[in-house]
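Heads up, the thing below is written out as structure tokens.
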Amino acid sequence: MSSAMTTRLLVASPLATVVSGHLEQLLAPAVVVTASTPVEIRAALHTRLRFDAILTDLVSHDRSWAPLFDGLDVLSAVRERDRGTPLVYALHDTRGEDEYVAELAARDEVAALVLKSQPLADIARVLGEAAAGRTTALPRRSGESLYEYFSSGQRGATAGRLAGAIAAGRASDTASLAAAASVSLSTAEKVVGYLRPLIVSRGEHDDDLRLTSASVHRWCGVHAGYLTSWCRRHGHTDVLARR
């Protein structure tokens, strides 16, 4: 830790001010900086203060975050400035967070996960360990994650673009999908082929039913939050924006 063992902590969350005082006491001596909005978070990360650890939400439904910002955007902002600052993520522990956790595990860039339902004393202990350089292995899902599939070369990236355009509500047929994802009509017609291996391998379609374009659109709706997040953070924002 820095400054004679004083823990310097950034709490990046819409509820940052609610927990900051308690964490400051539990981690004493500590300096706790709060940032509740994306603008405040980026501003905090560009000050001269160097943080020993960062606590942030993985997913928040607060209007200042959703649907254009999440905990993985915090990770991107942190890594732009300093690849060494450990992050601890607070989870609701719902299925909607699974793909975000899977990306974090695949990237090996996070110190630990905590549950928002945990006592603050337990969360403070984890933060103290992270600040001291101790990390906890993240759970890895069985089977391929969306992040891994979309990161597997050009075909994977194209699959991600197609899925993201559908998830963003910009495609209802082949022509509109081709326009939204900036691909040829031939490529848009093969959307089932691009996504079938992923959907089938994950067991997310009934084996007794034919996998159709309608099935793919339904699947993209189920995973819409993560799909749009992935596109936003991996250089494919164009598939999300209406021209």
Side-chain angles (χ1 to χ4, degrees), residues 1-45 47 49-67 69-79 82 84-142 145 225-226 229:
M1 300 181 198
S2 58
S3 295
M5 302 302 291
T6 295
T7 303
R8 295 179 175 182
L9 175 67
L10 171 64
V11 182
S13 165
L15 299 176
T17 57
V18 176
V19 301
S20 60
H22 299 290
L23 290 175
E24 198 163 42
Q25 292 178 356
L26 290 165
L27 290 167
V31 174
V32 179
V33 175
T34 61
S36 299
T37 68
V39 171
E40 290 177 358
I41 292 168
R42 293 189 177 99
L45 290 171
T47 64
L49 184 64
R50 311 295 290 183
F51 297 105
D52 298 303
I54 297 172
L55 174 65
T56 188
D57 292 332
L58 183 56
V59 176
S60 174
H61 300 298
D62 186 273
R63 290 182 180 178
S64 67
W65 282 42
F69 192 79
D70 57 50
L72 294 182
D73 290 288
V74 177
L75 175 61
S76 297
V78 172
R79 294 304 178 244
D82 178 9
T85 307
L87 284 91
V88 174
Y89 277 95
L91 280 63
H92 293 285
D93 198 27
T94 61
R95 290 193 63 185
E97 295 170 316
D98 287 352
E99 290 306 320
Y100 298 85
V101 173
E103 178 172 340
L104 291 175
R107 293 173 61 171
D108 293 322
E109 289 187 286
V110 176
L113 305 177
V114 296
L115 298 180
K116 293 185 177 182
S117 58
Q118 286 181 250
L120 269 178
D122 292 347
I123 295 175
R125 176 183 53 79
V126 173
L127 286 166
E129 292 176 350
R134 294 186 291 274
T135 62
T136 303
L138 271 60
R140 292 187 178 271
R141 64 166 295 135
S142 58
S145 69
Y226 178 78
S229 174

Does any non-hydrogen side-chain atom of [Y] lie less than 4.5 Å from one of [X]?
{"X": "L75", "Y": "Y100", "value": "no"}
{"X": "D57", "Y": "D62", "value": "no"}
{"X": "P139", "Y": "L113", "value": "yes"}
{"X": "L10", "Y": "L45", "value": "yes"}
{"X": "T34", "Y": "V19", "value": "no"}
{"X": "L23", "Y": "L55", "value": "yes"}
{"X": "I41", "Y": "F69", "value": "yes"}

Could you tell me the separation between the [atom1] atom of [X] and the [atom2] atom of [Y], rounded to the nearest 0.5 Å?
{"X": "E40", "Y": "S13", "atom1": "CD", "atom2": "OG", "value": "11.0 Å"}
{"X": "I54", "Y": "Y89", "atom1": "CD1", "atom2": "OH", "value": "8.5 Å"}
{"X": "R79", "Y": "R107", "atom1": "CZ", "atom2": "CZ", "value": "8.0 Å"}
{"X": "L58", "Y": "D70", "atom1": "CG", "atom2": "CG", "value": "7.0 Å"}
{"X": "E99", "Y": "S229", "atom1": "CD", "atom2": "OG", "value": "11.0 Å"}
{"X": "L104", "Y": "L91", "atom1": "CG", "atom2": "CG", "value": "8.5 Å"}

Verify, without hydrogens or angle tests, whether E97 (side chain) and V59 (backbone) share a donor-acceptor contact under 3.5 angstrom.
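Checked: no pair found.
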
R140 side chain to A105 backbone, donor-acceptor under 3.5 Å
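Checking the backbone N and O of A105 against the side chain of R140, a donor-acceptor pair under 3.5 Å is found.
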
Measure across [X] and [Y] and return the closest heavy-atom pair with its distance rounded to 0.1 Å.
{"X": "E24", "Y": "V31", "result": "OE2-CA, 4.0 Å"}
{"X": "H22", "Y": "L120", "result": "CB-CD1, 3.6 Å"}
{"X": "S64", "Y": "P38", "result": "O-CD, 3.2 Å"}
{"X": "L72", "Y": "Y226", "result": "CD1-CE1, 4.4 Å"}
{"X": "T56", "Y": "W65", "result": "OG1-CH2, 3.6 Å"}
{"X": "K116", "Y": "A90", "result": "CE-O, 3.7 Å"}

Stepwise side chain to side chain contact (heavy atoms under 4.5 Å, CB included) test for R8 and T85
CA-CA 11 Å; R8 295 179 175 182; T85 307; over 6 Å; no

